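Atoms within each ligand, like the ligands themselves, are counted from 1 in listed order. Each residue takes its place number in the sequence, starting with 1. Since the structure is predicted, the reported quantities are computational estimates derived from the model, not experimental observations.
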Amino acid sequence: MCGIVGYIGARAAAPIVLDGLRHLEYRGYDSAGLAVLDRAGELQVRREVGKLANLSRLVDEAPVEGQIAIGHTRWATHGPPTQLNAHPHVSGGGLLAVVQNGIVENYHALRERLIGEGYVFTSDTDTEVIAHLVHLYYQNGSQGDLVDATRRALSDLRGPSAVVVVCRDHPDKLVAARLGNAGGVAVGYGEGEMLIASDIPALAPHTRRIAYLDDQQMAVLTANGADYFTLDGQPLVKDASLLEWDADAVDRGEFRHFMQKEIFEQGRSLTDTLRGRLDFVGGQVRLDSLNLSAEQARTLEKVTIVACGTSYYAGLVGKFLIERLARLPVEVDYASEFRYRQPIVNPQQLVLAITQSGETVDTLAALDEARRCGARTAAIVNATGSQAARLCDGIIAMQAGPEIGVASTKAFTASVVDLCLFALYMAQARGAVDETARRELLDALVRLPGQVGELLAEARQGDHYARLAARFGEFSNFLYLGRGIHYPIALEGALKLKEISYIHAEGYPAGEMKHGPIALIDGQTPTLVIAPRDSIYEKMVSQVEQVRARGGAVLAVAHAEDAQMRQLADAILPIPVTHELLTPVLSVIPLQILAYEVALHRGADVDQPRNLAKSVTVE
Ligand code: AGP
């Protein structure tokens with residue numbers, strides 16, 4: 001989950017790499033560093049523990065001029081966050097430097113081997129073995145060929161790795177390589193300059209022409225372009241694609257945090273998610289990129305959804321949508337569990353991954369397992385240049401724009417809308433839903449982005465959520481309760497609160513309360529219920545009464561004009577009325593805003609919560 005940036009060209013490299021790291025800080029932020037080949041041809045390294053601002057301060061105090069550089073923000077896997085463990089790691093007395101994202105699973109053996117060769121280690125990291133391995137081959141066997149030395153070093157590694165190497169003897173090139181699911185490696189094509197990075201936000205301010213490295217591939221960047229090879233040295237041809245995003249998409253604009261921006265742009269992002277998918281004349285849903293014909297859709301016997309975290313909770317909503325509309329059995333599994341349970345998967349099944357980043361290692365591994373079992377694979381994915389997007393038989397792009405905040409928000413609502421589109425697509429192929437029902441849902445779907453926009457505009461005007469945060473933000477435990485299609489929203493709301501405010505919050509099926517958890521209810525445990533006026537509303541009313549009777553405070557996500565709930569609950573988080581199957585898209589938004597305001601109230605670091613990273617590319 002680290003961030004890597006490299007630059008080679010005519011401009012000063014250090015500021016560009018630092019700015020790129022700033023755009024990647026959400027990927028890991030316990031230490032950072034950069035290495036610049038200066039005008040005297042020496043490698044200057046600056047590394048600092050803590051936030052990127054600390055490194056920037058260090059570089060300001062000790063500037064370094066040069067036109068080729070690599071940089072790194074770290075999410076520690078091996079070795080605590082210290083200056084010595086920060087990347088880049090150097091070998092050969094300043095001859096070369098390496099940055100890495102991933103894990104060297106056999107680093108103990110390699111470390112012993114290198115110590116035996118006389119290398120002295122200065123860090124506790126696995127990455128340092130890569131630097132010394134490249135140097136070992138550079139001196140012995142590759143005869144000063146940096147590409148060959150890097151290739152040989154990578155061939156000794158086990159585990160996913162993405163690396164970039166810079167060398168004093170080769171001031172005209174950067175060498176990069178990717179092994180396994182180590183998180184993205186994207187190459188940016190500028191005018192007389194080239195960039196490389198773990199993720200698009202570092203490249204978007206400089207170029208929209210992007211190419212991607214896949215597993216077992218290498219790139220050699222010069223200021224005028226890039227050459228690509230397989231790890232065993234075969235030349236590759238790669239075309240650059242045009243990025244759909246532009247530079248503003250990766251800036252906070254007038255918002256305090258990326259999470260705040262991404263919450264409040266969901267009206268627009270959902271408009272983009274729907275764009276090009278609804279044929280209003282025929283009332284049909286179009287998902288050409290899914291690459292699944294009506295005939296193939298009809299022969300499918302089951303859909304298995306695999307995902308992690310917030311994406312998994314979207315998958316739980318998807319189960320309701322697909323089973324209700326397409327009458328197709330759906331199983332939802334944690335991607336991190338799927339491949340270890342010898343899943344019963346066959347060619348008559350579709351394994352559908354949901355992944356914002358498209359690089360989550362557990363989700364990629366679940367897709368590998370699905371392919372091994374012969375199933376058809378698809379991904380609901382935001383980063384369309386990612387590994388998941390490139391390896392599946394088809395995709396449904398979230399079309400939500402870059403999501404930078406570690407806590408996922410607009411990707412969740414985009415995923416749920418994509419799942420609704422998928423369910424409608426399957427229903428129309430299988431003739432499983434009547435025309436009136438389909439029309440009703442389509443009409444509600446078209447209105448949804450506008451409703452979301454109004455809900456957000458209202459929330460942004462007042463201080464309702466800031467006051468709720470002040471009133472409830474000091475508690476140490478919360479319960480989130482939902483029923484039916486709203487149970488996954490209870491799980492997602494609880495995750496939002498715990499991951500950015502560090503409050504213990506538990507999502508639970510409301511009907512399960514009397515089977516144990518109600519013992520938790522007292523004046524110190526507020527309960528948040530999701531209670532729109534739907535077919536199970538009365539059951540939620542009795543739930544609220546049970547909690548109140550035991551002295552628990554209740555916050556209710558409810559329809560704005562629900563007078564009964566206003567009487568019952570201590571606080572209302574209002575939502576407008578929409579189709580029952582789309583209500584989750586509305587009911588999650590107050591929970592996103594509440595979590596954000598509570599985190600602010602508690603002074604937590606909203607965009608870079610402790611111990612977390614945006615894309616989990618290590619197991
Ligand atoms: C959600 O707020 C978290 N950032 C995390 O649970 C995330 O949803 C999960 O890691 C899956 O990420 P993905 O969608 O990129 O695969």
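With sequence neighbours left out, Arg371 forms a salt bridge (charged side-chain N to carboxylate O under 4.0 Å, His left out) with Asp368. With sequence neighbours left out, the side chain to side chain contact (heavy atoms under 4.5 Å, CB included) criterion links Thr271 to Arg275, Pro449.
Between His257 and Tyr596, the ring-plane angle classifies as perpendicular under the 30° and 60° cut-offs.
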Which atom pairs, one a donor and one an acceptor, fall under 3.5 Å between side chains of residues 304-317 and the rest of the protein, sequence neighbours left out?
residue	atom	partner	partner atom	Å
Thr310	OG1	Glu492	OE1	2.8
Thr310	OG1	Glu492	OE2	3.2
Thr310	OG1	Lys496	NZ	3.0

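The cationic atom of Arg610 (NZ for Lys, CZ for Arg) lies less than 6.0 Å from the six-membered ring centre of Tyr502 and within 45° of the ring axis.
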Atom pairs, nitrogen or oxygen, ligand 1 to protein, under 3.5 angstrom:
residue	atom	partner	partner atom	Å
ligand 1	2 (O)	Thr310	OG1	3.3
ligand 1	2 (O)	Ser408	N	2.8
ligand 1	2 (O)	Lys496	NZ	3.0
ligand 1	2 (O)	Glu499	OE1	3.3
ligand 1	2 (O)	Glu499	OE2	2.4
ligand 1	4 (N)	Val406	O	2.7
ligand 1	6 (O)	Thr310	N	3.3
ligand 1	8 (O)	Thr310	N	3.1
ligand 1	14 (O)	Ser311	OG	2.6
ligand 1	14 (O)	Gln356	N	2.8
ligand 1	15 (O)	Gln356	N	3.4
ligand 1	15 (O)	Ser357	N	2.8
ligand 1	15 (O)	Ser357	OG	2.7
ligand 1	15 (O)	Thr360	OG1	3.4
ligand 1	16 (O)	Thr355	OG1	2.7
ligand 1	16 (O)	Thr360	OG1	2.5

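Ion pairing between Arg341 and Asp333 holds under the 4.0 Å rule for side-chain N and carboxylate O.
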